[in-house]
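Have a look at the structure below before the remarks.
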Amino acid sequence: KRGLYRKRRGLYREGLLSDDGFRLDGRRPREIRSLRMRLGLFPRADGSAYIEQGNTKVVALVYGPREVRGPRSRSAPDQAVLRCRFSLAPFSGPERRRPRGGEGRGSDLALRLQQSLEAAVLTHLYPRSQIDVYSDGSHCCTGTTAAALAVLDAGIPLRDVVCAGSAALAEGTALTDPNGAEEAAVGPGLALALLPASGLLALVQLSARVPCERLEPVMEAAADGCRELHRALDRELRRSLRERHGEV
Amino acid sequence: MQTSRTFVKRTRAGAVVKVVREHYLRDDIPCGAAACRRCPLRPDAPAPSLETQPGGAASSLCPGPHYLLPDTNVLLHQIDILEDPVIKNVVVLQTVLQELRNRSIPVYKRIRDVIQTPEKHFYSFTNEHHRETYIEQKKGETSNDRNDRAIRVAVKWYSEHLKKIEDEEKIQVIFLTNDRINKEKALEEGITAYTCEEYIKSLVANPELVDRLACVSDEGKEIESGKVIFPEHIPLSKLQQGIKSGNYLQGTYRASRDNYLEATVWVHGDAEEKEIIIQGLKHLNRAVHEDIVAVELLPKGEWVSLSSVVLQDDGQNEDDIETEEEKENILKTSVSKDMLRPTGKVVGIIKRNWRPLCGMLSKSEIKEARRHLFTPADRRIPRIRIETRQADKLEGQRIIVAIDGWPRNSRYPNGHFVKNLGSAGDKETETEVLLLEHDVPHQPFSQAVLSCLPKMPWSITEQDMKHREDLRHLCICSVDPPGCTDIDDALHCREIENGNIEVGVHIADVSHFIRPGNALDEESVKRGTTVYLCEKRIDMVPELLSSNLCSLRSDVDRLAFSCIWEMNHKAEILKTRFTKSVIKSKASLTYAEAQMRIDSATMNDDITTSLRKLNKLAKIMKKRRIDNGALTLSSPEVRFHMDSETHDPIDLQTKELKETNSMVEEFMLLANISVAQKIHSEFPEFALLRKHPAPPPSNYDILVKAAKSKNLEIKTDSAKALAESLDKAESPTFPYLNTLLRILTTRCMMQAVYFCSGMDNDFHHYGLASPIYTHFTSPIRRYADIIVHRLLAVAIGADDTYPELRDKHKIADMCKNLNYRHKMAQYAQRASVAFHTQLFFKSKGVVNEDAYILFVRKNAIVVLIPKYGLEGTVFFEEKGKPTPRLDYNNEVPSLTVEDTTLCVFDKVKVNIMLDASNIQHQKIQMVLVEPKIRGNDVPANLSTETSSNNEPEKKKRKLRK
């Protein structure tokens, strides 16, 4: 444990930001990682999406809308019920890990995913039904974005594609979309889910202590990342649709 | 815009883990040349730093305009040259910077500073993320070779890139490397490459630079010439294995001051043997004072004890290894068995701690020689061989030299000349030397720092008044020593309606002007404290703040941080309140003036009556504090009366303490304690406090023994018992005894230190008998107070916080630096007093004075001269004289010289004079006059005889008559 702590301090000292304003991997503070995505990978699911953001890789599947399974008390009379699951693959970290029980339905990450999606999916169109979302990846923000894309792929109407992004604070500068090394050094900081068209926030979560006066720049950096992500997604979406169906 | 490349990197110790990191390659990194139109410029980017018409020194090797591009080793070793204003337009690659950071943090910091200086036109090029200069490590290629190749690729790219600039004169890029193979490869690839030496020597207009070249020879060539004197150092990786397995011990190397063939190593961690003796040139194996070394223990049969022999390294000739061995044999004689201590030899160096050294040149006897030896002022550092052509000029001057290396075949380390400070003995030069030797940052404030100051004329604005109370109507005054220009505290006292007394302490609001994180703040935290030397003051903050805007002078509006108590007439605190305020001091008094006002019955104005009230309260508070066990200690303090023209000391005087001194002190202590309580209750994790640990009981041994010899008992089981027994320890026939005892007690004490409350659980201040304490009252001269001000301001909601303030690790790091700076400032102050005492006695000649014996040592006594507050050692052994019979008794402590017995606290008479035989280490010499010692006859009236005579040689001869 001591070794880990030392390493974190070490990295922190080493400087996450060079004097010329470059981060460890060569990005500038407000740049996001490279993005790749595909829709409809799994024909058996109603909707599916795969996103690669830097080294983070996420698969999301959507089943539904369909009839509520199990007791009827689970259904809602006026809207569809979103049921989310979020799991981390055993090979998703630097060291292989055993899958644990706590990541299933109702876990913290799944709740975050559900909360973000509920803000975007037009659930009132499908009363008494359920939509199952399975997101499988190493990072909750990317997971949320992937889930939104999968919902889109399933043809379920959305207010907007939820774009989630994070930001961390390193030596007074907010870093958009921190990679693994940066997160290990200063903590994940702030996670944010944005509906880019309306600018509404579906979720804000602080998982590290951020000084009050620095909160705004960090949020701004995260939102910037989300908007940038949205532009990239939009581009990719149009391209993949063109490939599949010709000119839109 | 960005390309991604993932690559496999590093494995962690223990489990082998594959780490994949992204590495973006960009095409928007500018080349930094001002003439370049091709590189994209970001709107917010600073202007390109490399000049269109590269100025700087003209080189005969490449007369055209050129940029320099050094490799890592050139930067590492030749930083002294690169820092010279003549060298401009240098490209520093990211690869180089990264390598540098891994190898030497100080050099890395220096080069970063240079890059940020606009006049130097240095540019750091992020080549590792540039699309065209990034290269991947080939299979079988070491990372060193890969980095060398990366540098060459970048040079190549630069030269091709610059060719595309459409300008009449093409700018060349010159690659500087001292590595032979690298240079050859570069030339093969068509790159213009020179060694640093070739280039610097080609700067015909600046021959003085050649002297500063570090002489780093190629590792390979080393063995070919000359005899190998030292065993090889074991490489670091093997050392680490050895330390892990316990074969070697790691420790800090401390050379002996008196004997150049002896040193001790303080072992890190909790090994059984804390201190290991190293004896003999070969065993010392090129370690230099303060290095971190690895030591191998010798078998028990070869153990020795520290010899008490004084050996100075004066051999001029290098081949005198035989005589060295003779000398080593001297050390080994006459040692009793039970005195033997662990002894070892240095097998390798873990980390060199070389710093630039002050000292003087010992010119070579051979005429026209270029190689000379340099003698550092610090006797623990060996002499250094330097190469210079200006030896004639440098003789008799104080110079700075840096060590470059110590090859195995060389008796002395190699170094290079850095800077000339001025002639030795000169007051300015000596002050500079003592500042440098004590690591006191004393350069004038930089432009960046000065730009953080408020613009003059300055006035208080509406904005400033936001969280402030207007206290300008109060009758506030300040009491300080005469001639004080940085007044940081003022007081007021008045009676309020309910019959109680309101007392206010107002401290200059320095944190209002020094905002966290700006250049001014960084500079002040680096300086840590203002250093007061005898004739000058090294300010922590620029003068505009220290002597004007922050100084609470009379009759001007000043910003203050006030601590206001409501007290009853028994001086018990009923209420405490802190506020930022605006005050207008009614008078700035000296201690003497304030005392006069209190004493004179005719004066009854507002200021005087409030001073009287304050004085009354202070007396009650002081009594209460002493009843609680606070110590009143004494240490002789000296003040020089300076000649106003020449600034030479003309008289010495011990400081006199008046009642008003203790009055002000009392309220400052109270303010500090109140603030400490407040910030600790508000921020238990990161409050900056000050503690004074209780000394271990063994520290008091010397005091108890000394008192016993005078039939007095000193109890040391608690601070209170100590204070009481010190009060009782008086002798009717010997009134000065009490002061002497208090001086001795001071020596037993530990050093008070700053610490962060979240990192420690012992807060007690032993000397003040207070459970909690901090520094709040002198923000102009101490940085700790500024932090405390900021904490308090946040606590009362008057100012915003910032992240570093709440990081306990950062606060703890800062405390470490502040403690270090305070210690160094104290040493510098003492050194300055010592230097001025020397000047004083130089003009006085030989002086005959009364003195008291403070300590008794095995071959000497330490005496204190109350008149000057001067302490000195009287030796009974002298070179070239028969040693008198010495008999030391540890129980009493006393020393019998021939037939005369000397005890602690005995009154004696000594002759004081200046010993200037060693120009680098002039010192005060003392000789015992009374009681007379047989065989050591010194005429008591010597002072009149030789007062006009300043040559020590003659003096000595007279003494020996």
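Labels below follow one simple rule: chain letters A, B, ... track the order of the sequence lines, proteins then strands, and each chain is numbered from 1.
The ring-ring contact (aromatic ring centres under 6.0 Å, His included) search around B/Tyr802 returns none, not counting sequence neighbours.
Contacts of A/Arg36 with chain B are absent, with no heavy-atom separation under 4.5 Å from either backbone or side chain. No part of B/Ile115 comes within reach of chain A, as not one of its non-hydrogen atoms sits under 4.5 angstrom from that chain. Neither the backbone nor the side chain of B/Glu128 comes within less than 4.5 Å of any heavy atom in chain A.
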Check the pair B/Trp157 / B/Phe125 against ring pair (Phe, Tyr, Trp, His ring centres under 6.0 Å), numbers first and verdict last. CA-CA 12 Å; B/Trp157 178 82; B/Phe125 179 61; 5.2 Å; yes

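With salt bridges taken as basic N to acidic carboxylate O contacts below 4.0 Å, none links B/Glu522 and B/Lys526.
Using modelled atom types and a 3.5 Å distance limit, the side chains of A/Arg38 and A/Ser48 yield no donor-acceptor pair.
For the options B/Gln94, B/Gln116, B/Arg112, B/His130, heavy-atom pairs under 4.5 Å to chain A are most numerous at B/Arg112.
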